[in-house]
Structures are given as structure tokens and as C-alpha cells.
Protein chains: 2
Amino acid sequence: MKLSANEEYGLRCLVRIGYAGEGGSLTIPEISQAEGVSPSYAAKILRVLRKGGFVKAARGKEGGYTLARPAEAIVIGNVIDALGGRLFESKFCDSHSGQAAICTRSVDCSVRSLWRAVQVAVDHVLSKATLRDLLQNEEDMNSWVRTIPGPAGLRLVQ
Amino acid sequence: MKLSANEEYGLRCLVRIGYAGEGGSLTIPEISQAEGVSPSYAAKILRVLRKGGFVKAARGKEGGYTLARPAEAIVIGNVIDALGGRLFESKFCDSHSGQAAICTRSVDCSVRSLWRAVQVAVDHVLSKATLRDLLQNEEDMNSWVRTIPGPAGLRLVQ
DNA sequence: GCTAATCTGTACTTTATAGTCAAGATTGCC
DNA sequence: GGCAATCTTGACTATAAAGTACAGATTAGC
């Protein structure tokens, strides 16, 4: 249960572009240097963000990357989704691949229920947080964390 | 944010051994066939579970794997930990490696706070669930999920 | 239209994870 | 002791993820 490099760097690049403000833009060299990754790699990640519709790219002189939408309209869950595939996507726990038949044995049921509970917990954080939340300072950050409903949401698992 | 094969198969193997009941044991061929993996791979995973102290192995005829402790004394969070490294362990978000200095730039702070919130949410599920919970049927399963406290726990993030 | 700055795409190399193999060690039973 | 069943170990191969290199396309400004 680890973060992929794509998820980590992708989100960081996005936050950095967000910090550039409305209409502000950053170039690949600027971003790659700030994040300490090679320009090629930054470009690769930024391409994913662009294809996901989170940033816009402008070529040529004065070019660079800008947010494609206002920060409050960018849900972090969707960003992570685009960067690293679906949350907890797995070849085993495949409620999405229509292989319901595999859930006849109890081991499958138990484990899948657990992963579902974890996924719901994660989604509760990531689907509520927007890029705007990440652009506040740390103190403000914690305020939205406190607003996450607990048992009510988790009950959805069943 | 994906599950590793180790985490998925490891937990499944453990649950399967748990289903064998108190003192019941399963051999590598039995487990590997049930899970649809090669005996070699099952052996590799079971080694991790053994070194983690979750199962005991007996060699020779009548040998096999047994739970090392009662199911209610096995916390799933610890199992996942042993199988796949620390939750959300990352070379970036390294509050564990004492590199606090990296948190001077706001991008680092924002992103790390987010991951911390996610980790807390995940821990709330995994540190409360025991193997015993997974051995119940699915209906019973959901009952412990409902008991997870929400905002109270997440407030710990700050 | 030329030039320099910038993004875009593909192909490549490196490294980590997943999964396999085979020889060795232990145990229970005869 | 000998045999068969079983776990143990380390080395090996295959596949996926991480990261790099480079040639090409686009644009702003002159």
C-alpha cells in the first residue's frame, strides 16, 4: 500500500503550479528544478496532468503550465486517480471487472470487504479535498481534515 | 496507491489458514492451489508471515502452517505492515527519516499533510480490524466497520 | 521568415517487484 | 535407517515501474 512516484510527484507539481496563482504559469525547467527531478521526468508527469484536464500547456516563448480550472474545482481524488490508476485497483479485488463469481469463497469475501472499507476511508479524505485546500497553509489544512465525517461515511461500506 | 501482490496474497493466505481453525493446519500445496499461485510463490509469502510471527510452520509429514496466535490477537495493520512495508512509506514524505528540514517549502507541507490524513484514515480501519473479524461472514464483517470512530480519530492528524 | 524558448512524443535504460526453480534440511512413520 | 512429505533458502528470470535522452513540433517576438 504505497504511493507511486507518479502520484507523489504529480500532486506536488500540481500544487506548485497552483501556487503560481490564477493565470500564473511555470515551465518544465522551473518545475523540475523545484522538485529535484529531471526535466524529462517532469515533462512525463505533466503530460498526465494535462491529459487529465488539470493543467493547460502553452508552447513557445512565454509558454508553460497553468491550472486548467480554478483550484477549488480540482478534486485531489481525481488527480490521484489520473496519476496512479484507480484507488486500490487490483487484479484480485475486481468488483470492476465483472468477475463477481470469484466471491463464492469466503476468503475472497472477507478480504474484499476489508479493502472496500479501506478504500472508503481513503475516498473520504481524497474526494473532499480540493487543490484549494492544499494551497492554504498547514494550519488551515487541518481545518478541513476535521470536517471529515466518520462513521456516517464508513457505514456506506456495507 | 495500490496494493502490492504480497499484501493481497499474504493476507489471503493468512485468512485461509485462519479458516482452518484453532490448531488446524494447511500445507503449501493446499494453500497455493486454493489461491491459484505457484507453490514456490506461496512459500515465499508464507515465509514473510512466519518471520512476522503470524504463523508457525511445522516440517515433515503432517506438517504445514498454523496460526501462531489466536485470530483476535492478530491485527491486520501489523500483517500488512510486515507484507508490504510501512503504510504509505515514501522517500518523499519521510517524517520517519528525521528529515524535517525538507518541510520548509509550502508544497512539501501541503502534500505531506494530505498523506498524513490519508494514512490516519487507513490506520483507523487496519489497526482496529483483527483476523478474527475477517473470519466472520460478510454480514458480521460490516458490524466492526461501523464501529470505527470518525472525526475524533482524524483530529489526531493535526 | 528567423530564432530561441518551450512543450510533445517515442524510445531507451535502470531499478524494483513479481514470480519461479532447484537443492537442501527437517520430521514422522515404517 | 530409509523413505516420503514437508518446509527453507538463495539464486534466478520475467515483468512492471521509474527515470532519461533526444529529435520534432509549436509559438512569441523581432
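Keep in mind the model is a prediction, meaning the values are calculated, not measured. We name chains A, B, ... by the order of the sequence lines, and we start the count at 1 in each one.
B/Pro39 comes within contact range of no nucleotide atom at all, as no heavy-atom separation falls under 4.0 Å. Using a 4.0 Å heavy-atom criterion, one finds that A/Arg50 contacts the sugar-phosphate atoms exclusively.
Contact annotation: A/Ser38 side-chain N/O to D/dT20 OP1/OP2 distance is under 4.0 Å. Considering only side-chain N and O atoms, B/Lys61 lies nowhere under 4.0 angstrom from the phosphate OP1 or OP2 of D/dC3. Proximity of A/Ser40 to the phosphate of D/dA21: no side-chain N or O atom is located under 4.0 Å from OP1 or OP2. Using a 4.0 Å cut-off, no side-chain N or O of B/Tyr41 falls inside it from OP1 or OP2 of D/dA14. Contact annotation: A/Arg59 does not reach the phosphate of C/dG9 (side-chain N/O to OP1 or OP2, under 4.0 Å).
With rounding to whole Å, A/Glu62 atom CD is found 16 Å from C/dA4 atom P. For A/Lys2 and C/dT15, the NZ to P distance is 17 Å, given to the nearest whole Å. Between A/Leu46 atom CG and C/dC7 atom P the separation is 8 Å, expressed in whole Å. Rounded to an integer number of Å, the gap from B/Tyr65 OH to C/dT27 C1' is 14 Å.
At least one side-chain heavy atom of B/Leu134 sits less than 4.5 Å from a side-chain heavy atom of B/Leu11. At least one side-chain heavy atom of B/Ile74 sits under 4.5 Å from a side-chain heavy atom of B/Leu14. Contact of the B/Leu49 side chain with the B/Val79 side chain is registered, since non-hydrogen atoms from C-beta on lie closer than 4.5 Å.
Looking only at distances, no side-chain donor or acceptor of A/Glu35 sits under 3.5 Å from a matching main-chain atom of A/Tyr9.
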